[in-house]
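The structure appears below as structure tokens.
Note on naming: letters A, B, ... go to the chains in the order of the sequence lines (proteins, then strands), and numbering restarts at 1 for each one.
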Number of protein chains: 2
Amino acid sequence: MDIIRTIDEIDHKILTILQEKARIPNAEVARQVGMAPSAVLERIRKLEERGIIEGYEVRLNPLPFKQGLAAFVLVEIDRSRGNGSLEQRLAEVSGVQEVHQIAGEDGYLLKVRAADPKALGQLLRDQLLTIPGVKGSRTQVVLNTVKETRRIELE
Amino acid sequence: MDIIRTIDEIDHKILTILQEKARIPNAEVARQVGMAPSAVLERIRKLEERGIIEGYEVRLNPLPFKQGLAAFVLVEIDRSRGNGSLEQRLAEVSGVQEVHQIAGEDGYLLKVRAADPKALGQLLRDQLLTIPGVKGSRTQVVLNTVKETRRIELE
DNA sequence: TTTGAAACACACGGATA
DNA sequence: TATCCGTGTGTTTCAAA
């Protein structure tokens with residue numbers, strides 16, 4: 001299944017508009033690209049089918065939900081053991097937003113959210129370090145987030 | 001301006017639905033929470049006004065756009081110099097999706113996307129390390145992303 | 001691409017508490 | 001004062017022509 005195929009200029013334009021503001025009405029997109037709404041709708045559908053558009057997300061302020069503290073946690077694992085469902089277990093820990101396997105270390109880099117340092121500490125101690133196969137961790141706490149987007153440059 | 005105030009059970013339900021699939025029609029949300037569409041619309045508006053909903057994003061597959069490689073870059077900065085616009089300049093580098101000031105090091109943690117290791121190397125050498133005030137960097141390349149979401153648990 | 005019917009968005013007003 | 005609902009008007013969706 002080749003996802004790539006041709007992303008032509010019009011698709012490009014549509015995606016640029018959607019990256020700007022995902023909840024814009026289809027007719028408005030059509031106006032901006034100078035096409036009929038139905039044609040644009042069909043293109044968006046196909047972009048979804050082809051896996052180029054993976055979904056639409058609401059961006060919530062983490063503060064009201066007591067998730068204001070972010071941290072990056074490097075989890076060192078014990079390769080000698082059968083890893084098995086380790087990745088899955090890391091991903092399931094509450095507050096874990098991202099799990100990346102990284103090069104150069106036997107481990108994973110996690111992006112985690114918690115209420116405050118104390119809650120983060122508990123999370124690490126009680127939920128992460130208790131997972132079989134986890135040897136240890138190193139945590140970098142975020143003091144301030146300057147930029148946080150998932151926007152990509154459409155080359 | 002207190003953002004928090006009361007997030008009641010219905011708000012909670014609405015946000016859960018929107019986190020699942022942000023592009024669902026308002027009328028459908030109304031059906032699921034068992035309220036009139038106009039009332040639901042008003043609630044969503046207020047959640048936006050209160051800054052609880054920050055926006056809506058499309059999630060794109062980075063591969064078709066040659067941004068398949070992700071990396072986390074720890075940028076060490078020289079505190080002795082006037083920092084000035086350093087944060088801004090880091091945020092503006094192409095491929096940089098996130099910029100976090102972190103505790104325990106004089107530096108920033110960046111999430112970066114590039115086409116491949118070569119492109120990442122060029123980015124670091126030509127765009128990041130040339131910024132005044134940047135002393136050095138340590139890069140962790142992502143081999144595989146197990147989980148990547150910005151969803152938060154609504155307590 | 002156009003078109004038309006059904007579904008939807010959204011502002012307004014009234015009811016409720 | 002705040003939140004609810006119903007209605008009316010204009011818009012959007014979506015599939016068939």
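Atom CD in E42(B) sits about 10 Å away from atom P in dC5(D), given to the nearest Å. In this structure, I14(B) places its CD1 atom 12 Å from P of dT3(D), rounding to the nearest Å. Computed from coordinates, the I44(B) CD1 to dC4(D) C1' distance equals 15 Å when rounded to whole Å.
Under the 4.5 Å side-chain contact rule for hydrophobic residues, I77(B) and L109(B) do not share a cluster.
By the 4.0 Å N-to-carboxylate-O rule, E42(A) lies close enough to K46(A) to be salt-bridged with it. Salt-bridge formation is not detected for the pair E98(A)/R113(A): no Lys NZ or Arg NE/NH1/NH2 atom is positioned less than 4.0 Å from an Asp or Glu carboxylate oxygen.
Y56(A) has its ring centre no less than 6.0 Å from the ring centre of Y56(B).
Picking from dT3(D), dC5(D), dT1(C) the nucleotide with the shortest atom distance to the side chain of A36(A) gives dT1(C).
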Fill in the blank from the handout: Annotated structure of DNA chain C as dot-bracket, pair cut-off 3.5 Å, Watson-Crick or G-U only, | for inter-strand, is |||||||||||||.|||
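Judged purely by atom type and a 3.5 angstrom limit, Q97(A) has no side-chain atom pairing as donor or acceptor with the backbone of E148(B). Under the 3.5 Å distance criterion, the side-chain polar atoms of E76(A) are left unmatched by any main-chain donor or acceptor of K135(A). Formation of a donor-acceptor pair under 3.5 Å by the Q19(A) side chain with backbone atoms of I152(A) is found in this model.
Using a 4.0 Å cut-off, no side-chain N or O of K46(B) falls inside it from OP1 or OP2 of dA2(D).
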Handout entry: Footprint string (nucleotides 6-11 of chain C, 5' to 3'): B base within contact, S backbone only, - free, heavy atoms under 4.0 Å
Key = --SSBB
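Using a 4.5 Å heavy-atom cutoff, the side chains of R43(A) and D8(A) are in contact.
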